[in-house]
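All values derive from a computational prediction rather than experimental measurement.
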Amino acid sequence: MDGFNDSGVNHIVFYLLGIPGQEDLHLWISIPFFISYVIALFGNGLLIFIILIKSSLHEPMYLFLCMLAAVDIVFASTTEPKTLAIFWCNRREISLNGCIAQLYFQHSSFISESGILLIMAFDRYIAVCYPLRYTTILTHSLIGKIGVAVFLRAHCTIFPIVFLLKRLHFCRNNILPHTFCEHIGLAKYACDDIQVNIWYGFFVLMSTVILDIALIFVSYVLILHAVFHIPSQEARHKALNTCGSHVCVIILFYGPGIFSVLTQRFGRDIPLHIHILLANVSMLAPPMLNPIIYGVKTKQIRHQVVYVLFNKQK
């Protein structure tokens, strides 16, 4: 497991340490991780099942929610099985190709989810500002095309990273102090110049996630402008209530990630294991809590969940 600093070495196997310095606590740390992962799989799987089988939920809002749930399952599954294998079985080894595959699906899932949150903001804008034209604008055909566009954008922007990493010569340390692989975290172990990787990663971030956040913000400015011009207070409250779940999910998705980035940038005195725990929380919290938020705040879904889980057992 010792690293090398020899230009003649090109590592094709890496070792994930998990949470360095906390090896004695790995088993205990794995318990909330495992519970969160199971809740994410069950909650999102149940949400997809309910939306697909109930024709009354085949509306734009719920179809976008179905896409979000599917991406959440993939997003959590890109890292959590390997993390639990490290904690439970001490299986730290991961091949270079496996590492690249993991970060590819992790990053593409993150961008896909960001894109879905953007189109859900667009959906809320149409519902609030053009309620009478809602179903005529957001047809099933358009929803399908938007979904394909979101996933194509994610995979087309991340795909070049595979080649940017494969061209590198990994002759430095092959020990990764983390529970999962990520682009720059892997690239910095190469002996080659990684400026292209850094700049391309910055381009991807700005052209996808940052752009999505800006457009979501604009959407909600327009929504609020329209809501406060509604004369009826009850109608204003109802319009704002339809956006409540989406706003919670947006904060939950972007919040931990932004906080994790800020702590890495400015929290130099924060221990490494805290950074790694924050990164894992930002990966697990949205998939685990998204179905709970929509289940609690959306009456139609709440009623269907109760019916599926309890009434069918009678």
Item to check | Within-4.5 Å side-chain heavy-atom neighbours: M61 and R124 | outcome: yes
Item to check | SB check R153 D212 (cutoff 4.0 Å) | outcome: yes
Checklist entry - Given the rule in the side chain to side chain contact (heavy atoms under 4.5 Å, CB included) test, do T179 and L16 qualify, once you have shown the distances and angles that lead to the verdict? => result CA-CA 6 Å; T179 58; L16 295 164; over 6 Å; no
Item to check | Separation of H107 NE2 from S112 OG (nearest 0.5 Å) | outcome: 13.0 Å
Next on the checklist: Looking at R302, I'd like to know if its CZ atom is crowded, meaning that more than 12 non-hydrogen atoms belonging to other residues, nucleotides or ligands lie closer than 6.0 Å.
Outcome noted: yes
Checklist entry - With a 4.5 Å limit on heavy-atom distance, are the side chains of I39 and L289 in contact? => result no
Checklist entry - Cluster question for you: counting only ILVMFWY and a side-chain heavy-atom cut-off of under 4.5 Å, with indirect links fine, are I119 and F217 together? => result no
Checklist entry - Any side-chain heavy-atom pair from I301 and Y62 closer than 4.5 angstrom? => result yes
Item to check | Nearest-0.5 Å distance that lies between atom CG in L103 and atom CZ in F110 | outcome: 14.5 Å
Checklist entry - Are the aromatic rings of Y220 and H246 close, with centres under 6.0 Å apart? => result yes
Next on the checklist: Is the distance between the ring centroids of F203 and Y200 under 6.0 Å?
Outcome noted: yes
Checklist entry - Using 30° and 60° as the class limits, which term best fits the ring planes of H178 and F180: parallel, tilted or perpendicular? => result tilted
Checklist entry - Any chance CD1 of I12 has more than 12 other-residue heavy atoms, nucleotides or ligands included, within less than 6.0 Å? => result no
Next on the checklist: Tell me whether the rings of F33 and F87 are parallel (<30°), tilted (30 to 60°) or perpendicular (>60°).
Outcome noted: tilted
Checklist entry - Are the aromatic rings of F105 and F75 close, with centres under 6.0 Å apart? => result no
Item to check | Residue pair E93 / V13: nearest heavy atoms and the distance that separates them | outcome: CG-CG1, 3.4 Å
Checklist entry - Under a 4.5 Å cut-off applied to non-hydrogen side-chain atoms, are E113 and P286 in contact? => result yes
Item to check | Non-hydrogen side-chain atoms of P287 and Y37 separated by less than 4.5 Å | outcome: no
Checklist entry - Can you tell me if CZ on F34 sees more than 12 non-hydrogen neighbours from other groups inside 6.0 Å? => result no
Checklist entry - If every non-hydrogen atom of C66 is compared with every non-hydrogen atom of L52, which pair is closest and at what distance? => result SG-CD2, 4.2 Å
Next on the checklist: For F151 and V71: C-alpha separation, side-chain torsions, deciding distance, then whether side chain to side chain contact (heavy atoms under 4.5 Å, CB included) applies.
Outcome noted: CA-CA 10 Å; F151 293 117; V71 171; 3.4 Å; yes
Item to check | Neighbour count above 12 (heavy atom, 6.0 Å) for H225 NE2 | outcome: no
Checklist entry - Quick one: do the K188 and N197 side chains pair a donor with an acceptor below 3.5 Å? => result no
Checklist entry - Do you know the tightest heavy-atom contact between I293 and S245? => result CG2-O, 4.0 Å
Next on the checklist: Between R133 and I126, is there a side-chain heavy-atom distance shorter than 4.5 Å?
Outcome noted: no
Checklist entry - Nearest 0.5 Å, what's the CD1-CG distance between I19 and N280? => result 6.0 Å
Checklist entry - Would you say I143 and Y125 are hydrophobically clustered, going by side-chain heavy atoms of ILVMFWY under 4.5 Å? => result yes
Next on the checklist: Other residues, nucleotides and ligands only: do more than 12 of their heavy atoms fall within 6.0 Å of NE2 on H58?
Outcome noted: yes
Item to check | Considering all heavy atoms, the nearest I250-I216 contact | outcome: CD1-CG2, 3.6 Å
Checklist entry - Taking E182 for the side chain and G185 for the main chain, is one N or O donor matched with an acceptor at less than 3.5 Å? => result yes
Checklist outcome for this item: side-chain contact (heavy atoms from CB on, under 4.5 Å) test vs L211 passes for just one of V209, L215, I213, T208, namely L215
Next on the checklist: With side chain to side chain contact (heavy atoms under 4.5 Å, CB included) as the criterion, how do R91 and I86 come out once you've worked through the C-alpha distance, each side chain's angles and the decisive distance to 0.1 Å?
Outcome noted: CA-CA 5 Å; R91 297 188 62 177; I86 294 169; 5.8 Å; no
Checklist entry - Is the ring centre of F170 less than 6.0 Å from the ring centre of H11? => result no
Checklist entry - In terms of hydrophobic clusters joined by side-chain contacts under 4.5 Å, are V281 and I258 together? => result no
Item to check | Side chains of C243 and I223 in contact at under 4.5 Å (non-hydrogen atoms) | outcome: yes
Checklist entry - Would R167 and V196 count as a side chain to side chain contact (heavy atoms under 4.5 Å, CB included) if you check the C-alpha gap in whole Å, the side-chain angles of each, and the deciding distance to 0.1 Å? => result CA-CA 11 Å; R167 71 183 177 89; V196 175; 3.8 Å; yes
Next on the checklist: Once rounded to the nearest 0.5 Å, what's the spacing between atom CG of D123 and atom CZ of F64?
Outcome noted: 5.5 Å
Next on the checklist: Between V74 and I116, is there shared hydrophobic-cluster membership here, with clusters defined by ILVMFWY side-chain heavy atoms closer than 4.5 Å?
Outcome noted: no
Checklist entry - Taking a hydrophobic cluster as the set of Ile, Leu, Val, Met, Phe, Trp and Tyr residues connected by side-chain heavy atoms closer than 4.5 Å, whether directly or through intermediates, do L117 and V148 fall within one such cluster? => result no
Checklist entry - Looking only at atom types and distance, does a side-chain atom of Q106 sit under 3.5 Å from a main-chain N or O of Y104, one as donor and one as acceptor? => result no
Checklist entry - What's the shortest heavy-atom distance between A69 and L47, and which atoms? => result CB-CD2, 4.2 Å
Next on the checklist: Do Y189 and I175 make a side-chain contact, defined as non-hydrogen atoms from C-beta onward lying under 4.5 Å apart?
Outcome noted: no
Checklist entry - CG/L176 to SG/C99 distance, rounded to the nearest 0.5 angstrom? => result 5.5 Å
Next on the checklist: Show the nearest heavy-atom pair for residues P177 and L272, with the distance to one decimal.
Outcome noted: CB-CD2, 3.9 Å
Item to check | Value rounded to 0.5 Å, distance of OG in S30 from CG in L84 | outcome: 6.5 Å
